[in-house]
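Down below is the structure, laid out as structure tokens.
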Amino acid sequence: MPELPEVETVRRALAPVLEQRYIAAAFVGRDDLRWPLPPNLAARLQGRRFTHVARRGKYVLMTLDDQNVLLLHLGMSGSVRIHDRAPTLGRHDHIMLTMADGEQATSPTHYVVLNDPRRFGWVDLFALSTQASYKLLQHMGPEPLGNAFSAEYLQTAFKGRQGPVKNALLNQQLIAGIGNIYASEALFHAGISPRRKAATIAGGRAVRLAAAIVKTLRAAIEDGGTSLRDHVQPGGEIGYFVQRLAVYGRAGEACQICTTPIKMLVQSGRSSFYCPRCQR
DNA sequence: CTCCTGACCTGAGTGC
DNA sequence: TGCACTCAGGTCAGGA
């Protein structure tokens, strides 16, 4: 479920728990998720201190004091829980980090658990010096909430693309972090049909779509922040929260603007939701 | 290159 | 209750 706003929510929850704290113990319950986990992962984490927790697209990047980066992608079903007492691990709890203020783990501060039933997520560990050329990151498009993103960028990036704009929005090499929910939501707020050819997103349409992407993602992050305050009690699961969705999952319901029933269609095997009257 | 399909995996929901 | 079936917010490899 995690798209940019959910991953950002996870990052915000993890930062104060991890930064400047030590991994007093690391549990790794299996040797692969989507792909094999780094060899000896638990041993390589044990005793290390986190210096910084960042996000890039849908990835969480956790820098360690030995100049390695722990990378986390939540896939479709991954989530993180933060406990302040040692939890009982369930079937799909694959990794747990016991955090402490010092290298001696006499009194742990938190237990951070990665749960992923479908195991579409992945974890890697690599040298900070190689991050820029790291395979999964180097071709990623700009952050939609960063300075490099604009209507002009969108127009250039979509130029010549014959596929539907909905698919282009899901392409992480064009824009980082947008997934199936927020693609539909942003297109609704921009008044653009998910079927429209990406190459025709120019001029006023590009301005509207860029603005809608920023607005939609910001609002969702705010909701995540709200649920973080309300919901991240000990044992609280991070990465899922109630969202204000205008069209996603609402086929047959009235469009909030014109009351026309919301429609669903499948594009490249993925559901898109839209208002046939408001979106052209 | 670009674009689409199928594969990966488990659990929740639906219909009979 | 049980069973069969569909679908789910991600990405990648492979082929047209």
Side-chain angles (χ1 to χ4, degrees), chain A residues 1-10 29-37 55-60 71-80 89-95 114-124 134-141 144 156-188 194-201 213 216-217 219-221 223-224 227 237-252 262 264-274:
Chain A
M1 331 232 126
E3 303 183 28
L4 188 153
E6 290 78 20
V7 179
E8 176 61 19
T9 300
V10 168
R30 52 181 303 130
D31 60 11
D32 68 333
L33 290 172
R34 173 166 186 171
W35 291 307
L37 292 170
R55 179 189 58 73
R56 178 77 173 97
K58 300 173 191 173
Y59 294 90
V60 182
L71 171 147
L72 169 66
H73 192 294
L74 295 171
M76 292 271 270
S77 59
S79 64
V80 169
L89 295 185
R91 179 146 96 100
H92 302 301
D93 292 331
H94 307 303
I95 293 178
L114 171 66
N115 177 280
D116 187 359
R118 290 173 73 181
R119 303 200 300 277
F120 282 179
W122 60 93
V123 166
D124 203 357
Y134 186 75
K135 187 184 161 205
L136 299 167
L137 301 174
Q138 67 173 338
H139 298 300
M140 192 175 290
T156 307
F158 286 5
K159 192 173 177 183
R161 301 221 152 235
Q162 300 305 302
V165 58
K166 160 75 182 332
N167 291 4
L169 287 175
L170 293 180
N171 185 338
Q172 302 299 298
Q173 300 198 10
L174 301 179
I175 315 170
I178 297 178
N180 207 37
I181 290 182
Y182 296 111
S184 277
E185 293 293 306
L187 286 168
F188 173 76
R195 285 196 161 99
R196 173 173 282 280
K197 199 193 286 189
T200 68
I201 302 298
I213 288 168
T216 304
L217 295 178
I221 290 171
D223 284 356
S227 80
E237 186 177 89
I238 322 297
Y240 296 77
F241 49 90
V242 181
Q243 298 150 96
R244 298 175 292 197
L245 301 177
V247 288
Y248 186 86
R250 297 188 182 278
I262 299 299
M264 197 264 270
L265 78 146
V266 176
Q267 298 176 288
S268 290
R270 315 214 54 197
S271 303
S272 300
F273 297 86
Y274 67 106

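Here is the naming used below: chain letters follow the sequence lines, and residue numbers restart at 1 for every chain. All heavy atoms count here, side chains included; hydrogens, waters and symmetry mates do not.
Separating the P atom of C:dC3 from that of B:dC9 is a span of 24 Å, rounded to the nearest Å. Rounded to whole Å, the separation between the P atoms of C:dT11 and B:dG11 comes to 22 Å.
For the pair A:K197 NZ and B:dT2 P, the computed distance is 15 Å after rounding to whole Å. Regarding A:L170, its CG atom lies at a distance of 10 Å from the C1' atom of C:dG10, rounded to whole Å. If you take CE of A:M76 and P of C:dT11, they are 10 Å apart, rounded to a whole angstrom. For A:N171 and C:dT11, the CG to C1' distance is 11 Å, given to the nearest whole Å. Between A:Q172 atom CD and C:dG10 atom P the separation is 8 Å, expressed in whole Å. Taking atom CG of residue A:D116 and atom C1' of nucleotide B:dC8, one finds them 12 Å apart after rounding to whole Å. The CG-P distance, from A:L4 to C:dT11, rounds to 11 Å in whole Å. At whole-Å resolution of the value, CG in A:L169 and P in C:dG9 are 15 Å apart.
At C:dG10, none of the side-chain N or O atoms of A:H73 fall inside 4.0 Å of OP1 or OP2 (strictly under the cut-off). Look at A:Y248 and you'll find a side-chain N or O under 4.0 angstrom from OP1 or OP2 of C:dG9. Applying the 4.0 Å criterion to OP1 and OP2 of B:dT10, one finds that A:S77 has every side-chain N and O outside that range.
For A:R196, the CZ atom is densely surrounded, since the number of other residues' heavy atoms within 6.0 Å is greater than 12.
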DNA chain B base-pair string [pairs: Watson-Crick or G-U under 3.5 Å; |: paired with another strand]: .|||||||.|||||||

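Residues passing the side-chain contact (heavy atoms from CB on, under 4.5 Å) test with A:R91: none are found, sequence neighbours excluded. Residues passing the ring pair (Phe, Tyr, Trp, His ring centres under 6.0 Å) test with A:Y134, sequence neighbours excluded: A:F126. By the ring pair (Phe, Tyr, Trp, His ring centres under 6.0 Å) test, A:F273 is found to be paired with A:Y248, residues two or more places apart in sequence or in another chain being considered.
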Stepwise side chain to side chain donor-acceptor pair (under 3.5 Å) test for A:T216 and A:E185: CA-CA 7 Å; A:T216 304; A:E185 293 293 306; over 6 Å; no

Side chain to side chain contact (heavy atoms under 4.5 Å, CB included) assessment of A:D124 paired with A:L72: CA-CA 7 Å; A:D124 203 357; A:L72 169 66; over 6 Å; no

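Stacking between A:F120 and C:dT11 is absent: the ring centroid is not both under 5.5 Å from the six-membered base ring centre and under 30° in plane angle.
Within the 3.5 Å criterion, the main-chain N or O of A:K166 finds no donor-acceptor partner in the side chain of A:R195. Using modelled atom types, one side-chain atom of A:R30 and one backbone atom of A:D32 make a donor-acceptor pair closer than 3.5 Å.
For the pairing with A:R161, the side chain to side chain contact (heavy atoms under 4.5 Å, CB included) check across A:N171, A:T200, A:I201 returns one residue only, A:N171.
In this structure, A:Y182 and A:E3 have side chains that are in contact, with non-hydrogen atoms separated by less than 4.5 Å.
For A:K58, the listed nucleotide lying nearest its side chain is C:dT11; candidates were C:dT11, C:dG9, B:dC9.
Using a 4.0 Å heavy-atom cutoff across all strands shown, A:N167 reaches sugar-phosphate atoms only and no base atom.
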What N/O pairs connect the protein and nucleotides 11-15 of chain B at under 3.5 Å? Give each pair on its own line.
unit_1, atom_1, unit_2, atom_2, d
B:dG11, OP1, A:R91, NH2, 3.0
B:dG11, OP1, A:H92, NE2, 2.6
B:dG11, OP2, A:R91, NH2, 2.9

Distances under 3.5 Å between protein N/O atoms and the N/O atoms of nucleotides 12-16 of chain C, please, pair by pair.
unit_1, atom_1, unit_2, atom_2, d
C:dC12, O4', A:R34, NH2, 3.1

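A:A176 and A:G57 get closest at one heavy-atom pair: CB-CA, 3.8 Å. The two residues A:S268 and A:N167 make their nearest non-hydrogen contact at OG-ND2, 2.9 Å.
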